Q: 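What follows is a structure written as structure tokens; I'll ask about it next.
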Amino acid sequence: MKGLTGVSVRKICRRGLLAVVLGLLFAACGAGSASGAQMAQANQLYEAGQYAEAVEAYETLLATGIEDGRLYYNLGNAYYKAGDLGRAILNYRRAERLLPRDGDVAANLELARAQTRDQIEETDEGAVIRLVRRLSGWLTLNEAALLALALWLGLCGLGIGAILRPARRRWIAYLALPLALLLLLGLLVLGARLYEERAHPSAVLVAEEVDVHSGPGTDYLLEFSLHAGTEVRVVEERAGWARIALPGGLQGWVPQAAVTEI
Amino acid sequence: MTLHSISTDLSPARRFLVGLVCLGLIAGAWLSPVWAQSQVSFTAQVDKTTLSSDDTLVLTLAVEGELTQLPQPQLPILEGFAVVGSSRSTQFSMVNGVTSMRGEFVYRLQPTAVGSHTIGAATVQIDGVTYQTDPITVEVVAGQAPAQPTPTPPGPSDGGPGGKDLFVEAEVDDPSPFVGQQIVYRFRFYQATGVDLLDQPRATWPSFSGFWAEQISPQDQYYQKIGQRQYGVIEVGWALFATAVGQVTIEPAELSIPASFFNRAQQLRTEPVVVDVQPLPEGAPPDFAGAVGQYEMSAWLEPGQTRVNEPVTLFVQVSGSGNLNALPEPDWPELPGWRAYDPQVTTDLRQMDGLIQGERLYERLLVPREAGDYDLAPFSLSYYDPVAGAYRRAETEPLTVRVEPGEASADLPPPAGDGKEDVTLLASDIRHIKLAPPALATRRRSLLGQPLYWLGWLAPLLAVVGTWVWKRRRARLRGDVAYARARRAHRLARKRLTQARRLLDRSGNEREAVYGATSQALIGYLGDKFNLAPAGLTRDAIRQNLSQAGVDPALTARLFDCLDWADSGRFAPVAAGRGASALVDEAEGLVADLENQLRNRPK
């Protein structure tokens with residue numbers, strides 16, 4: 001009698017949560033309209049070697065509210081062929097955010113990066129940060145969010161099991177410990193991604209050559225110059241100027257038009 | 001130093017004695033000059049008493065003693081000898097605290113006449129005292145044939161007695177060779193016998209620009225007499241092949257002689273050598289590619305026959321004298337259906353009578369793809385023979401090779417590298433664009449911005465908390481009857497009162513039952529609340545329990561009033577006056593107030 005009550009309550013909980021998760025998934029997978037045909041046209045321009053026209057066609061499509069990793073990838077290719085390394089890298093980065101496990105995107109991004117002019121020193125990071133960074137580079141933000149939620153559901157399910165079946169608490173604890181660790185890691189990844197995207201958004205220099213000043217204006221001291229394709233972080237924005245930070249610790253102000261956030 | 005270290009091992013008394021002895025020694029040294037004066041020795045010595053007329057004699061005068069400065073000895077008049085060199089050295093030594101000096105004067109004497117000569121006494125004056133040596137008799141015998149006048153090197157033109165100790169020269173054997181013809185450049189270092197060098201001289205060779213140069217090793221060493229002097233000669237040869245027509249100057253070779261006992265450091269250099277390179281004569285055959293020398297050529301295959309996919313090696317060998325390293329590569333025949341690998345070339349050179357000779361061997365791995373008999377055209381090499389003064393041609397015999405059909409050569413390893421080639425990256429480009437999908441994804445909001453997502457986080461948490469509360473309550477309900485009765489009391493009382501109110505709609509006796517039901521509801525409620533049987537609820541028990549529970553006495557009085565009202569109604573309905581409906585209302589109000597006060601009571 002008591003057992004029956006416990007099982008039914010658990011089932012109801014589980015079904016409810018399943019419905020929530022499935023609902024979220026379907027909401028996330030909204031599909032565009034006849035945009036595929038437009039993209040095919042732009043692809044034809046690309047294949048005919050008319051890269052500038054292809055860029056225009058892809059950009060038009062993006063302006064209609066489409067956000068597709070494949071489109072960003074093709075746009076990056078078109079920019080690359082048209083000789084605009086900065087915007088090529090920008091669009092590969094955007095594509096990477098949507099298709100984090102796509103080999104083509106990664107290969108082209110690497111090739112484009114190898115051709116940038118500025119040599120930026122990589123700062124040495126700890127093992128945990130590197131792991132988090134790698135994991136976060138392997139999942140989209142939404143995937144990371146869903147993964148964390150799924151881990152949380154599992155953990156809560158185990159919690160309910162522990163309440164209803166005190167005799168099995170030991171086994172449940174063995175299961176819960178790795179789940180909790182994974183959840184912690186997932187939350188770290190999520191937090192790192194959110195922090196990066198919200199607090200210090202990544203950006204790419206799109207201008208051919210940019211002078212970096214010590215303040216928001218050309219009157220300030222010219223500290224160094226950067227070139228198209230260099231990836232920076234935008235720390236602050238003020239009246240048409242953006243304060244950028246480089247991995248090595250260099251900072252400075254550039255005209256806002258010279259950088260584009262990813 | 002030594003004394004000191006010994007004295008540490010000695011007893012104090014002995015140490016004192018040793019000290020005394022030391023003092024004595026030092027005093028002795030101080031007072032010794034007079035004693036030492038008489039100890040000067042002056043001797044003369046020759047390295048040999050019999051020598052040939054083309055040899056030199058070394059005369060050493062040694063003066064030794066407690067001297068403060070080296071005296072200059074006086075040589076006697078030497079008959080039959082000429083002094084060709086001299087040097088001196090000084091040496092100090094300390095024996096028993098006495099400093100003595102040894103000076104050596106070395107004279108190099110060249111005999112000028114054959115016969116017995118006496119070197120007279122040499123003298124030296126020290127502090128007014130004249131010392132002299134004993135005379136020495138030396139026998140000079142006639143030497144080898146007098147030095148041949150050729151080649152007369154430019155260096156020792158003032159040769160003979162008093163000629164240079166060291167000099168160098170350079171020459172070529174043919175100052176006007178054909179282009180590509182071998183000439184020999186010889187560098188000679190002359191070192192007069194008896195002149196010793198402490199260190200190896202260092203040579204700086206000319207760059208030989210305009211020539212293909214090949215050093216001839218080993219170096220040649222021999223003796224030569226120039227004028228009256230005997231020289232040790234070191235000869236270094238270079239085989240040179242002129243690469244262009246015209247006058248070419250070979251810059252001087254240099255030799256650095258380090259400073260030594262007898263000599264200062266010096267820099268010797270040869271004269272520059274001018275070579276006039278002649279063009280090859282007219283009439284070169286059409287396949288002539290510049291080879292000069294004398295050559296022979298041979299070619300063979302190993303093994304002589306093979307199977308499909310089994311390799312054979314084609315050897316082509318050129319041997320002879322000339323610049324083998326610069327020979328043109330043989331004209332490899334076209335072999336359709338064969339796979340040919342790049343040839344490996346080995347060159348083996350040696351030098352014979354100043355001529356560079358040797359073999360050059362080409363090895364080429366060939367793999368037949370089809371069976372059949374194949375003829376290989378003969379290899380040939382046209383060259384100019386400078387000795388004969390004519391163009392010649394070396395040719396090999398034609399070769400044939402039979403290729404048998406191959407059996408399934410599964411157990412044979414394929415020749416190295418066969419069949420597969422490394423993928424060579426010619427250029428790297430971006431990967432191609434992706435195909436357009438039927439529909440593209442639209443911009444979507446991040447999950448993190450959707451309330452439903454956060455509900456997904458909250459819901460399981462609520463589920464856990466809910467489960468926990470429910471489980472706890474159920475456990476309490478199951479384990480505590482009093483608690484259960486008390487919790488249910490209010491609900492039951494209201495249920496009973498509702499039932500009582502329904503009786504009001506009836507008539508007669510049934511309507512009078514309202515009073516009993518109301519009374520039961522009240523008593524039942526109190527029984528549930530205090531976990532007592534209704535029968536045990538006397539007025540006293542009720543009063544006591546209620547006051548213990550902290551219920552307002554006024555409310556208790558109201559309760560008893562209401563119970564009285566119900567009892568009077570039950571037993572004398574007419575006298576009840578106030579009506580059954582009002583009683584039920586009052587009872588409901590009472591239960592609500594009691595519940596209020598009892599629930600909030602302190603436990």
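Please read all numbers here as calculations on a predicted model, not as lab measurements. In the text below, chain A, chain B and the rest are named by the order of the sequence lines, each starting its count at 1.
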Q: Would you say B:W468 and A:I160 make side-chain contact, with heavy atoms under 4.5 Å?
A: no

Q: Which pair of non-hydrogen atoms, one from A:L153 and one from B:P460, has the smallest distance, and what is that distance?
A: CD2-CG, 3.4 Å

Q: Any heavy-atom pair between the side chains of A:K81 and B:D429 that's under 4.5 Å?
A: yes

Q: Given a strict heavy-atom distance threshold of 4.5 Å, which part of A:L75 is in contact with chain B: side chain, backbone, both, or neither?
A: neither

Q: Could you check if a side-chain atom of B:I433 sits within less than 4.5 angstrom of a side-chain atom of A:Y58, using non-hydrogen atoms only?
A: yes

Q: Side chain, backbone, both or neither: which part of A:A148 has a heavy atom under 4.5 Å from chain B?
A: both

Q: Relative to chain B, which of A:G69, A:G159, A:G65 shows the most heavy atom pairs under 4.5 Å?
A: A:G65

Q: Contact part of A:L109 toward chain B, heavy-atom cut-off under 4.5 Å: side chain, backbone, both or neither?
A: neither

Q: For A:R101, does the CZ atom sit with more than 12 other heavy atoms under 6.0 Å from it, leaving out its own atoms?
A: yes

Q: Could you tell me whether A:E56 atom CD has more than 12 heavy atoms of other residues or ligands within 6.0 Å of it?
A: no

Q: May I have the step-by-step check of ring-ring contact (aromatic ring centres under 6.0 Å, His included) for B:H432 and A:Y46, ending in yes or no?
A: CA-CA 10 Å; B:H432 199 59; A:Y46 179 96; 5.6 Å; yes

Q: Using a 6.0 Å cut-off, check whether atom CH2 of B:W454 has over 12 heavy atoms from anything other than its own residue.
A: yes

Q: For each of A:A145, A:A40, A:A162, tally heavy-atom pairs with chain B at distances under 4.5 Å, and name the one with the top tally.
A: A:A145

Q: Using a 6.0 Å cut-off, check whether atom CD of A:E110 has over 12 heavy atoms from anything other than its own residue.
A: no

Q: For B:A439 and A:R70, which heavy atoms make the closest approach, and how far apart are they?
A: O-NH2, 4.2 Å

Q: Below 4.5 Å from any heavy atom of chain B, which atoms of A:L62 appear? Answer side chain, backbone, both or neither.
A: backbone

Q: Would you find more than 12 non-hydrogen atoms of other residues, nucleotides or ligands less than 6.0 Å from A:R169 atom CZ?
A: yes

Q: Checking heavy atoms, do the side chain of A:L141, its backbone, both or neither come under 4.5 Å from chain B?
A: side chain

Q: Tell me, do B:R431 and A:L111 make a side-chain contact under 4.5 Å, heavy atoms counted?
A: no

Q: Are side-chain heavy atoms of B:W470 and A:L164 found at a separation under 4.5 Å?
A: yes

Q: Quick check on side chain to side chain contact (heavy atoms under 4.5 Å, CB included): which of A:D104, A:N43, A:D68 does B:K434 satisfy it with?
A: A:D104

Q: Can you give me the closest heavy-atom contact between B:W457 and A:W152, atom names plus distance?
A: O-NE1, 2.6 Å

Q: With a 4.5 angstrom heavy-atom cut-off, which part of B:L435 approaches chain A: side chain, backbone, both or neither?
A: backbone

Q: Other residues, nucleotides and ligands only: do more than 12 of their heavy atoms fall within 6.0 Å of CZ on A:R117?
A: no

